[in-house]
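Side chains included, hydrogens not; waters and symmetry mates left out as well; all remaining heavy atoms used. Each chain gets a letter, A, B and so on, in the order the sequences are listed, and its residues count up from 1.
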Number of protein chains: 2
Amino acid sequence: MDEVHIRTRRDHASEIAEDYVEAIAEFVAVKGSCRSVDLAECFAVTPATVNNTVARLVRNGLVITAPYQPIGLTSKGRKLALKCKERHEVVNAFLIAIGVDAGTAAADSEGIEHHISKTTLAAMKKILADGWPAISIAIEKQNE
Amino acid sequence: MDEVHIRTRRDHASEIAEDYVEAIAEFVAVKGSCRSVDLAECFAVTPATVNNTVARLVRNGLVITAPYQPIGLTSKGRKLALKCKERHEVVNAFLIAIGVDAGTAAADSEGIEHHISKTTLAAMKKILADGWPAISIAIEKQNE
DNA sequence: TGAAAATTTTAGCCTTGGCTAATTTATTGG
DNA sequence: CCAATAAATTAGCCAAGGCTAAAATTTTCA
Ligand SMILES: [Mn+2]
Ligand SMILES: [Mn+2]
Ligand SMILES: [Mn+2]
Ligand SMILES: [Mn+2]
């Protein structure tokens, strides 16, 4: 039972990093660059908190900064951002597919995304693409 | 966009409390009482960490303790434990229903559970009971 | 251009949730 | 019954992730 909690703690440790690289990539994509204020507004934290966090991401090799300059991603950061964005979108779409309204799906998926294994992500993608498992079985039986 | 992250941070703040009350209720149910060692083993943390955390849960009115005595729940704690256990089980069952293996479902649900809103929980329960939304539509169409 | 506003950084504080090491208290077996 | 073992507590440490307040820098615009 305990490896389960170790997994969950590991997920949490990378959670903020994942949200930051995803947000930075998004700001760069839609408005050309990402500034501290953007992240502060986006996460509803103070600029001081952004500074602390960004410093840690730099230490971890995900982000590049220079004093008073925009915040950019390393190639490692971009790669992580891409993976997280895709996973986030799948989780969000899946929640909507099971009948959750868009606002709730957006809120829930923001937390859920970080705890989705490759296996569960694959299961969600499969259902989004092929429909519910039982349907396939039913169709197979029909085609017998 | 930022209320979403405020929600996620609030979920995290109560996450450990939720896991602890759930575990305490479980130990009481299956072996009559819950001791520090039980929780330390269960969460893969040191006894010192359990002590810290339990002290905070006492401050928050979820847990009762006396020195060198077993750990118990207040009625507030029991109520929370019940709610969390049910939610946890629904999430776990739902993951299995979408084709995830039991081991992965157990691991993923441990983190996911804390980020599931009432709305999403209801959607999962409905599907576990009634099947996938599209099926109902198909059946309705068949019955026309 | 130069003063005001916006942005970024720094310093210092807090809580949570981890840890180790040492001590204290309970439990158990010979 | 008491010594060894087990369990619980205490003390002191750390990093993450929040905050406020103040200082420094950059940008804007009258
Ligand atoms: Mn995300
Ligand atoms: Mn997120
Ligand atoms: Mn989480
Ligand atoms: Mn959990």
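- For the pair B:Arg87 and B:Glu22, the salt-bridge criterion is not met [side-chain N within less than 4.0 Å of a carboxylate O].
- Where A:Tyr68 and B:Val37 each meet DNA chain D at their nearest nucleotide, the meeting point lying more 5' is that of B:Val37.
- For the pair A:His12 NE2 and C:dG18 P, the interatomic distance rounds to 10 Å; values are reported in whole Å.
- Side-chain nitrogen and oxygen atoms of A:Thr53 include none within less than 4.0 Å of the OP1 or OP2 phosphate oxygen of D:dA16.
- Per the geometry, CD belonging to B:Glu18 stands 16 Å off C1' belonging to C:dT16, to the nearest Å.
- OP1 or OP2 of D:dA16 has at least one side-chain nitrogen or oxygen of A:Arg59 nearer than 4.0 Å.
- Whole-Å rounding puts the B:Asp11 CG to C:dT16 P distance at 17 Å.
- For NZ of B:Lys118, the number of neighbouring non-hydrogen atoms (other residues, nucleotides, ligands) closer than 6.0 Å is 12 at most.
- Ring geometry for B:Trp132 versus A:Trp132: interplanar angle under 30°, hence parallel rather than tilted (30 to 60°).
- Put simply, B:Thr46 has a side-chain N or O that comes within less than 4.0 Å of OP1 or OP2 on C:dC19.
- Regarding contacts with the backbone of D:dA8, every side-chain N or O of B:Asn51 stays at 4.0 angstrom or more from both OP1 and OP2.
- Per the geometry, CZ belonging to A:Arg9 stands 8 Å off C1' belonging to C:dG18, to the nearest Å.
- The side chain of A:Pro47 sits closest to C:dT9 out of D:dG18, C:dT9, D:dT9.
- Between B:Ser36 and D:dA7, a side-chain N or O to OP1/OP2 separation shorter than 4.0 Å is absent.
- Look at CG on B:Leu57: it is 10 Å from P on C:dT16, rounded to the nearest Å.
- Of the candidates B:Thr120, B:Thr119, B:Thr8, B:Thr120 is the only one forming a side chain to side chain donor-acceptor pair (under 3.5 Å) with A:Asp108.
- Comparing atom distances between the B:Thr49 side chain and each of D:dG18, C:dG18, C:dT10 picks out C:dG18 as nearest.
- A:Arg35 has no side-chain polar atom (N or O) that falls below the 4.0 Å cut-off from OP1 or OP2 of C:dT7.
- Across the protein-nucleic acid pair, A:Ile16 atom CD1 and D:dG18 atom C1' stand 9 Å apart, rounded to whole Å.
- Not less than 6.0 angstrom separates the ring centroid of A:His115 from the ring centroid of B:His114.
- Here C:dT15 presents its C1' atom at 12 Å from CG of B:Asn60, a figure rounded to the nearest Å.
- Summarising the geometry, the separation between CD1 on A:Ile6 and P on C:dG18 is reported as 11 Å, rounded to the nearest angstrom.
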